[in-house]
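The structure under discussion appears below in the form of C-alpha cells.
Chain letters run A, B, ... following the sequence lines, proteins first and then strands; every chain starts at 1.
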Amino acid sequence: MNRPNIILLSSDQQSWDALSGMGNRYVDTPNIDRIRENGLSFSRAYCTNPVCAPARSTWATGLYSSETGIPFNDSLLHDDLPDIGEILSSNGYQTVHAGKWHVDGRDVRKGFESLYFGKVNILAGGGEYYDGPTTRAVMDFLTSHRTRQPFYLQVGLINPHDICEFEHLNEINDIPDPIRQGILNESDLPPLPENFDYDDRETIIQKVFRRDEDALIHLPILKQARHWSPLQWRYLAWMYYRYVERVDVEIGHILSAIEAGGYQDNTMIIFTSDHGEAAGHHQMFQKFTLYEESVRVPLTVAGIGNKDNIAAPGTISDALVSGIDIFGTICDYAGVEPPIGTHGRSLRPLVEGQTSDHRGQIFIENNYWERAIVNERYKFITEYVPNSGDEETPPSPETHEFGNTQLFDLVDDPHETRNIAGEPNMSHIVAECRELLIREEVELTRRPLRSGAPREIAKRWAEAVRRGWKRHEGTA
Amino acid sequence: MIPHWSFNAARPEQPEFDRQIRDSLRSFYQSTDSNQDLWFREYPNFWRGFVGNPDLLQNGALKISRVLNPTGNWSYTVDYRNESSGEKQHIRFGTTNDPLRSIRNEWLVDTYNTTADEYEHYSAVCRLDSVDSHPGSSQSAPEPHNEEIGQIVLKFEVNNRLIRIPSPLKDCPVIGGYALYDVIPRFASELEYGIPTAGFMVLEDMQSLLGPCEGRSAGTINFDPAGELRGVCVIGRGYPPTYWWVDSSDHVVIIATTWKTLVASSASPIFSGERQ
C-alpha cells in the first residue's frame with residue numbers, strides 16, 4: 001500500500017483491558033473488537049505520560065512531554081516544534097482533524113483542516129456534547145471527500161473521559177449506592193479489582209499529588225472517595241464501562257463510513273487511547289499515576305478491507321510499544337522522514353511481520369517529577385526531588401537527585417500489589433532499571449516551560465512537594 | 001429544599017442553577033399554551049457551556065412536536081440546539097401507537113453546525129432493517145463482512161452514500177430517543193406497581209442504537225414547583241444512567257444525564273440570538 005490514507009482514531013482514558021476483546025466480560029465493545037480482528041494489537045502498549053495534554057503532545061510531535069513544553073495539563077507546546085499536521089501537509093497529505101486535540105499552545109488549524117472542533121475549542125472533556133458531532137463531521141467527510149490526494153485524518157473521540165465528569169458531579173453529591181436504590185443488582189457490578197488494597201510504599205510525588213489530605217489533583221473527589229463503600233467503587237467501574245461502550249458505538253459509525261466512502265482497502269487505522277483509567281485499582285480514580293491501569297492503553301494498527309500489509313490480522317503482540325511510536329508509525333506509512341530529534345520507532349515492521357522485537361523498555365513521565373521504566377519483567381518507578389528554585393526546566397538526572405522508588409515484578413505480580421524495591425535481592429534490578437532510565441533521559445532535549453501559567457503551576461507544585469518530603473520523611 | 005442529587009449541579013461556578021431550573025419549571029406550569037408540544041431548556045451540569053455569564057446559564061433547548069395521524073401512527077418533529085457543540089438539529093420520525101412508540105421507517109436527521117469548522121451540514125435519511133441475507137456486490141455500498149443474518153442494521157444515506165451500521169442486538173423493540181418523553185411516564189406508572197420494564201433499545205439522537213436498556217424505579221421526590229416526582233432511571237449497554245422525573249400529570253419535567261439537565265418550560269424561542 002503506497003502512501004495510504006491514515007486515520008488516527010483515539011478514545012480518551014481507555015485502559016488496555018477495558019474492551020470485550022481482551023476478555024473483559026463487564027464491557028461490550030464489538031466495534032473496537034472489529035478493528036482488532038483486522039489488525040495487529042499490542043497487549044503491552046504504554047502511553048508516554050498518563051495525562052491528556054502531555055500524552056497528546058507526544059502524538060503530535062514525536063517527543064516526550066519533558067521536551068514538548070507540555071509535561072502536565074495547562075502547559076503550552078513550544079512554538080517552534082512542528083506538529084504531525086504541518087509535517088504531513090507539507091509532504092503531500094491532506095491533513096484533517098475532528099474532535100479533541102488538547103495540545104495547548106498550538107491551534108489545531110495551523111496544521112490541519114478542522115472538520116469539527118466545538119463551538120468554543122474543545123478542551124479536556126465532554127464526550128456527551130462532542131462525540132456525536134465529531135462522528136457526524138467524520139461521516140460527512142468520508143462520504144463527500146473526492147480528491148485523489150491521500151488524507152491523514154485524526155479523530156479525537158472523548159469518551160470514556162466522561163467518567164471524570166461523573167466523578168466531579170459527585171464532589172457535591174455523594175456517589176449513589178445503586179444497590180440500595182434498586183437501580184442495579186450487586187451481580188451487575190464488576191468485582192473490586194485485585195489490587196484495590198495496595199502497597200502504600202509509594203513515591204512522595206504519588207502521595208502529594210494523589211493521596212494526601214491536601215492532594216494536588218482533584219482533592220474534592222478524593223475527599224468523597226475516602227468515604228466510598230466497596231459497592232460505590234464497583235459502581236464507578238460499572239459506570240466507566242458504560243462510557244467505554246458509548247464511544248464504541250461512535251467508532252462503529254466511523255468504521256461503517258470508511259466502508260461507505262470506499263476507503264476500506266487503502267486506509268491504515270491506528271486505534272489507541274491517550275492514557276487509561278484507574279477505576280478503583282490501587283484505590284484510585286482517573287489517571288495521573290504510573291500503575292498499569294493508568295499508563296497501559298489499547299493499541300491496534302489495522303486495515304478493515306485489504307489486509308495485505310498486515311501479516312497476522314487478529315493477533316496480539318506482546319512487544320513493548322509506546323505512545324512515542326505513534327508519530328514515527330504515521331510518518332513511516334506516509335513515506336515521510338521524521339524530523340531529527342524525534343524519538344519513537346515505527347510499528348510498521350511489527351505489523352508487516354518483519355520482526356517481533358521492538359524495544360527493550362518503555363519510558364514514562366508523570367506529574368513532572370515522576371518517571372517509570374517498564375521492561376520485559378519489571379516496572380521501576382522513581383521520582384526526582386525538586387530543587388529549590390529551578391522548576392522552569394523539567395528535571396533530569398544531571399540536575400536532580402532521585403527520591404523514592406517502587407519496583408514491581410509484572411510477571412509474578414501483574415497487579416502491582418507488592419513494592420519489592422527494598423528487598424535485598426532486588427538491589428541489582430533497581431540499579432539496572434535506574435541505569436536504563438538514565439539512558440533514556442540523556443536522549444531528551446529539555447527546555448524551560450513557557451512563561452506564565454505553566455511556570456506558576458510548576459512552582460506551586462514544587463513547594464507542595466517540598467512540604468510533602470518533610471511530612472513523609474523516612475517513608476519508603 | 002435543594003435539588004435531588006441526580007440533578008443538583010448548583011456548584012459554586014453556577015450558583016444560578018437552582019433558581020433557573022425552578023424558573024423554567026414555573027414557566028411550564030404557568031403556561032396557558034394549549035398545544036401539545038414539549039419544550040425543554042437545557043442546563044449544564046458540570047461546565048457552564050463556556051459562556052461565562054450566570055444570566056445565560058441555559059445551554060440549549062429542545063422542542064418536540066408530535067401529532068397522531070389519521071392512520072393511527074405518530075409523527076414527531078424535533079428541534080434541538082446545543083450551545084456547546086454548536087449543532088442545531090431538525091429531526092422527523094414516525095412511530096406506531098403502541099406503548100413503546102416503536103420506530104417506523106424511515107426518518108430524517110438534518111444537522112447544521114454553527115462552529116467555525118468545515119463541517120456545516122449533515123443530512124441523513126435513515127432506516128432500520130434486519131439482515132435477511134448478505135447484500136450482493138451490486139449494492140452501492142461495499143459488501144459488509146461484519147453483518148450476521150438476523151442482526152439489526154442502521155442504514156444512513158449521507159451524501160448519496162449508504163452507511164450500514166450493524167447492531168449486535170436482535171429481537172428488541174427500538175424506541176426513538178425523543179419518543180422516550182412519551183414512554184417514560186408509562187414506565188413510571190408500571191414501576192410504581194412493581195411491574196418491570198421490558199428490554200428496549202434507545203435510538204439516541206436518532207443516530208445511535210444503545211442498549212438493551214431497562215427502566216428502573218428511582219423512587220419519588222418532592223421538588224418545588226413540580227410537587228411529587230416519580231423517578232425512572234434508564235440504564236443499558238452504552239447508556240450511562242439517565243434519570244427521568246415524571247410529575248403527577250404524567251409529564252416528564254426533568255431529565256438528568258452526566259453533562260446536562262433538561263427542564264420542562266413554556267413555549268419559547270430556542271434562542272433569541274447567537275451567544276457571544
Side-chain angles (χ1 to χ4, degrees), chain A residues 28 30 34 37 96 98 113-120 123 125-130 132-133 135-144 162 165-166 168-174 176 178 181-184 239 242-246 248-250 252-253 255-257 259-262 264 304-305, chain B residues 5-6 8-11 45-47 49-50 82-87 111 113-122 124 141-142 144-146 154 156 158-168 204-205 207-210 216-219 233 235-241 257-260 275:
Chain A
D28 186 17
R34 185 180 166 209
E37 286 159 13
V96 187
E113 298 170 30
S114 174
L115 291 181
Y116 179 75
F117 198 34
K119 188 69 176 276
V120 176
L123 298 173
E128 189 177 322
Y129 280 152
Y130 301 119
T135 300
R136 281 186 279 280
V138 170
M139 289 199 292
D140 180 57
F141 170 77
L142 290 170
T143 53
S144 62
D162 278 2
E165 280 69 45
F166 171 74
H168 283 299
L169 284 173
N170 291 291
E171 291 172 10
I172 52 175
N173 308 302
D174 190 20
Q181 289 182 325
I183 302 292
L184 292 172
M239 284 290 296
R242 303 293 79 76
Y243 295 117
V244 172
E245 291 167 344
R246 189 68 187 82
D248 181 77
V249 172
E250 304 293 346
H253 284 46
L255 296 180
S256 294
E259 289 181 319
Q264 68 275 17
I304 59 169
Chain B
W5 60 262
S6 69
N8 180 10
R11 56 186 58 246
N45 290 348
F46 180 60
W47 286 333
F50 317 108
N82 183 288
E83 280 297 299
S84 285
S85 74
E87 280 194 331
T111 306
N113 180 39
T114 63
T115 71
D117 296 302
E118 298 199 358
Y119 157 50
E120 293 177 341
H121 180 216
Y122 167 90
H145 300 286
N146 59 321
L154 264 175
F156 299 160
V158 180
N159 297 319
N160 296 315
R161 301 270 185 159
L162 185 63
I163 302 176
R164 304 172 60 97
I165 303 167
S167 163
E204 183 83 345
D205 298 336
Q207 291 282 278
S208 298
L209 268 176
L210 307 178
R216 307 273 172 90
S217 172
C233 177
I235 58 171
R237 178 189 166 276
Y239 201 93
T257 70
T258 303
W259 272 82
K260 57 198 180 195
R275 295 261 176 82

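Of the residues considered (B:Thr257, B:Thr115, B:Val158, B:Asn159), B:Asn159 shows the highest number of contacts with chain A, using heavy-atom pairs under 4.5 Å. The candidate with the highest count of non-hydrogen atom pairs below 4.5 Å against chain B, out of A:Pro30, A:Gly252, A:Gly132, is A:Pro30. Highest contact tally toward chain A, considering only B:Glu204, B:Arg216, B:Glu120, is held by B:Arg216 [criterion: heavy-atom pairs under 4.5 Å].
Judged as a ring pair (Phe, Tyr, Trp, His ring centres under 6.0 Å), and not counting sequence neighbours, B:Tyr119 has no contacts. With sequence neighbours excluded, the residues forming a side chain to side chain contact (heavy atoms under 4.5 Å, CB included) with B:Pro241 are A:Tyr235, A:Trp238, A:Met239, B:Cys233, B:Ile235, B:Tyr243, listed by chain and number.
Only the side chain of A:Asp248 has a heavy atom closer than 4.5 Å to any heavy atom of chain B. Contacts between A:Leu142 and chain B at a heavy-atom distance below 4.5 Å are absent for every atom of the residue. For chain A, the nearby part of B:Glu87 is the side chain; its heavy atoms alone come within less than 4.5 Å. Neither the backbone nor the side chain of A:Glu37 comes within contact range of chain B, judged by heavy atoms closer than 4.5 Å. Of the atoms belonging to B:Thr111, it is side-chain heavy atoms, and not backbone ones, that fall under 4.5 Å from chain A. Both the backbone and the side chain of B:Asn8 have a heavy atom closer than 4.5 Å to some heavy atom of chain A.
With no hydrogens or angles considered, a side-chain donor-acceptor pair links A:His168 and A:Glu171 at under 3.5 Å.
For B:Ser208 against A:Val249, the heavy-atom pair with the smallest separation is CB-CG1, 3.7 Å.
Atoms NZ and OG, from A:Lys119 and B:Ser85 in turn, are 8.5 Å apart once rounded to the nearest 0.5 Å.
Counting only heavy atoms from C-beta outward, the side chains of B:Pro240 and A:Phe166 never approach each other to under 4.5 Å.
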(request) List the steps and the verdict of side chain to side chain contact (heavy atoms under 4.5 Å, CB included) for A:Arg34 and A:Leu255. (result) CA-CA 9 Å; A:Arg34 185 180 166 209; A:Leu255 296 180; 3.7 Å; yes
